[in-house]
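To find a chain, count down the sequence lines: A is the first, B the second, and so on, and within it residues start at 1. Computed from a predicted structure; not experimentally measured.
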Amino acid sequence: MQKINIIDAARHVEEEVEIGAWLTNKRSSGKIAFLQLRDGSAFFQGVVVKAKVGEEVFELAKELKQEAAIKVVGIIHEDKRSHFGYEIEVTKIIEIGSSDEYPITPKEHGTDFLMDHRHLYLRHQKPFAIMKIRNELIRATYEFFNKEGFTKLDAPILTGSAPEGTTELFETDYFGQSAYLSQTGQLYAEAGAMAYGKVFTFGPTFRAEKSKTRRHLTEFWMIEPEMAWTTQEESLVIQEKYIAFLVQNVIDHNAYELKLLDRDIDILRKYTQLPFPRLSYDDAVTLLKDNGFDVEWGVDFGSPEETFLANHFEKPVFIINFPKAIKAFYMKRHPSRDDVVVSADLLAPEGYGEIIGGSERDTDYEYLKERIEEQGLSLAEYQWYLDLRQYGSVPHSGFGLGLERAVTWITGTEHIREAIPFPRTLNRLRP
RNA sequence: UGCUCAGUGGCACAAUGGUACUGCGUCCGACUGUUAAUCGGAAGUGUGUAGGUUCGAUUCCUACCUGAGCAGCCA
């Protein structure tokens with residue numbers, strides 16, 4: 001007899017199979033019981049008919065508790081009365097691991113309770129669907145960048161200095177000296193681009209900002225591609241192609257999960273249609289003013305502004321060439337203007353905010369040295385970075401995508417803490 | 001950090017200045033197609049912490065703790 005996963009049930013119709021599963025819920029009447037099963041691949045139900053299995057098996061079925069681990073033997077049937085379209089007519093049940101007083105009941109629970117039980121909550125349908133889609137985004141990311149000729153180059157997580165200076169960092173002890181958890185791999189990616197042409201980093205990132213919003217985590221995963229011999233315009237084309245590729249792969253591979261989440265595929269399809277609109281920062285300010293926003297040229301946009309801009313276009317939109325004063329020191333000066341840099345943020349629709357930040361990097365040694373000093377950063381700490389401009393400096397561009405922001409947006413989830421297995425936020429370090 | 005809101009049995013909620021409703025879960029029973037199944041019965045603990053007002057506080061007041069939402073910061 002064959003052991004199968006639930007997701008493959010369609011290929012085993014009318015066959016007798018064995019499935020290792022957990023019981024998510026159970027309903028029973030006097031002569032028939034429905035066991036709601038999950039095995040990590042999908043969810044479906046087992047039907048236990050007393051007249052067919054006999055007293056003993058039927059009684060066992062009725063005694064099983066929520067989250068009991070069982071081996072189920074039975075015959076797969078196609079059946080429209082099952083949400084999954086298929087179900088298993090159970091002939092035999094073996095209880096492998098019992099369960100008692102499982103805390104997450106079939107009724108609704110509060111966020112705090114569910115996050116306290118995150119280690120168990122991961123078993124349930126919504127986290128299941130989101131984590132499967134997260135996995136697809138990770139898989140598709142590797143596929144995309146490998147296909148495009150990138151080399152994955154890992155940036156260090158422990159660093160000796162603050163790459164962007166301004167942001168708060170987690171500090172830790174490194175054999176008697178201060179070390180910081182990485183808040184970006186960007187500068188290291190630039191070193192990689194000068195070595196291997198096109199590289200991407202993909203790893204955890206830490207921000208000790210006391211942010212308390214649905215878009216922030218203190219620990220999150222970031223994908224940071226960096227490309228030598230590449231202008232910002234060329235980088236934008238890669239960025240939109242990458243985003244469209246991610247969305248398309250989720251549509252192609254996660255129809256089941258999107259259905260569990262009740263996510264509208266037609267909306268997602270719009271996000272695969274290129275190009276994405278590009279709006280200059282100048283024009284964005286004008287557009288916002290025309291729509292009643294109280295903004296002045298030179299300020300960074302807040303969440304309400306970002307939401308308005310992205311919803312205005314119903315697609316992800318690039319906001320290009322931000323004021324120099326509000327952006328990082330390494331961004332390239334605009335060729336004909338002194339007040340803006342060659343940069344772009346990609347704003348996701350539906351209020352999900354900035355999912356990509358990127359720019360062309362300045363290539364000039366003296367200019368970068370000045371800007372590092374201007375921002376009060378330690379020249380000694382950045383000497384290695386300046387070396388990249390001393391030895392064969394070339395035009396190059398890069399960007400960073402926040403994985404959890406992308407997951408939250410594509411899955412249509414309310415809060416970013418749902419987009420990572422064990423979220424770290426201002427008020428949560430456990431489990 | 002600021003503003004706003006909230007803290008009641010394992011969970012989710014209700015309530016009046018007079019020691020607390022209901023549902024889920026649990027236990028017992030019924031039911032041949034359920035979809036957070038339904039129906040009948042039972043057990044269980046007690047209003048975040050510390051003060052104050054009051055004959056009496058879950059309710060009113062003060063402080064604190066914890067959490068949530070929003071804002072700032074950013075991905």
Of the listed nucleotides [options], the one nearest the side chain of [X]:
{"X": "A:E101", "options": "B:rU26, B:rA75, B:rU32", "answer": "B:rU26"}
{"X": "A:R417", "options": "B:rG69, B:rA75, B:rA71", "answer": "B:rG69"}
{"X": "A:K62", "options": "B:rC31, B:rA36, B:rA12", "answer": "B:rC31"}
{"X": "A:S303", "options": "B:rC73, B:rA71, B:rG67", "answer": "B:rA71"}
{"X": "A:K65", "options": "B:rC74, B:rA71, B:rU26", "answer": "B:rU26"}
{"X": "A:D79", "options": "B:rG23, B:rA75, B:rG33", "answer": "B:rG33"}
{"X": "A:S28", "options": "B:rC73, B:rG23, B:rC31", "answer": "B:rC31"}
{"X": "A:E87", "options": "B:rC31, B:rG33, B:rC73", "answer": "B:rG33"}
{"X": "A:Q45", "options": "B:rG33, B:rG72, B:rC24", "answer": "B:rG33"}
{"X": "A:F220", "options": "B:rC31, B:rA68, B:rA75", "answer": "B:rA75"}

Are the aromatic ring centres of [X] and [Y] under 6.0 angstrom apart?
{"X": "A:F206", "Y": "A:F220", "value": "no"}
{"X": "A:F301", "Y": "A:Y281", "value": "yes"}
{"X": "A:H109", "Y": "A:F113", "value": "yes"}
{"X": "A:Y188", "Y": "A:W384", "value": "yes"}
{"X": "A:F313", "Y": "A:F276", "value": "no"}
{"X": "A:F43", "Y": "A:F128", "value": "yes"}

Say you pick atom [atom1] in [N] and the same atom in [M]; how far apart are they, in whole Å?
{"N": "B:rG52", "M": "B:rC21", "atom1": "P", "value": "29 Å"}
{"N": "B:rG25", "M": "B:rC39", "atom1": "P", "value": "11 Å"}
{"N": "B:rC31", "M": "B:rC70", "atom1": "C1'", "value": "50 Å"}
{"N": "B:rU59", "M": "B:rU8", "atom1": "P", "value": "13 Å"}
{"N": "B:rU62", "M": "B:rC3", "atom1": "P", "value": "15 Å"}
{"N": "B:rG72", "M": "B:rA36", "atom1": "P", "value": "39 Å"}
{"N": "B:rG33", "M": "B:rU38", "atom1": "C1'", "value": "13 Å"}
{"N": "B:rA43", "M": "B:rC5", "atom1": "P", "value": "40 Å"}

Mate of [N] where both pairing distances stay under 3.5 Å, Watson-Crick or G-U:
{"N": "B:rU26", "value": "B:rA42"}
{"N": "B:rU1", "value": "B:rA71"}
{"N": "B:rC31", "value": "none"}
{"N": "B:rA63", "value": "B:rU49"}

Note to self: Pairing donors with acceptors under 3.5 angstrom, does anything connect the side chains of A:H216 and A:E209?
What the structure shows: no
Check: With distance as the sole criterion, is a donor-acceptor pair present between the side chains of A:D282 and A:S280 under 3.5 Å?
Finding: no
Phosphate OP1/OP2 of [N]: any [X] side-chain N/O under 4.0 Å:
{"X": "A:N427", "N": "B:rA68", "value": "yes"}
{"X": "A:H415", "N": "B:rG69", "value": "yes"}
{"X": "A:K210", "N": "B:rU1", "value": "yes"}

Margin query: Need to verify one output field. Residue with the more 5' nearest nucleotide on RNA chain B, A:D300 or A:Q66?
Written below: A:Q66
Notebook entry, point to check: Closer to the 5' end of RNA chain B via nearest nucleotide, is it A:S211 or A:D100?
Noted result: A:D100
Report the distance from atom [atom1] of [X] to atom [atom2] of [N], rounded to the nearest whole Å.
{"X": "A:I243", "N": "B:rA75", "atom1": "CD1", "atom2": "C1'", "result": "11 Å"}
{"X": "A:F202", "N": "B:rA75", "atom1": "CZ", "atom2": "P", "result": "16 Å"}
{"X": "A:E63", "N": "B:rG29", "atom1": "CD", "atom2": "C1'", "result": "14 Å"}
{"X": "A:F113", "N": "B:rG48", "atom1": "CZ", "atom2": "P", "result": "18 Å"}
{"X": "A:D345", "N": "B:rA75", "atom1": "CG", "atom2": "P", "result": "7 Å"}
{"X": "A:R214", "N": "B:rC74", "atom1": "CZ", "atom2": "C1'", "result": "16 Å"}
{"X": "A:I416", "N": "B:rC70", "atom1": "CD1", "atom2": "P", "result": "12 Å"}
{"X": "A:K212", "N": "B:rG69", "atom1": "NZ", "atom2": "C1'", "result": "8 Å"}

Next item on the list: Kindly state whether the pair A:F34 / B:rG33 counts as stacked, where counting means centroids closer than 5.5 Å and planes tilted less than 30° apart.
Entry: no
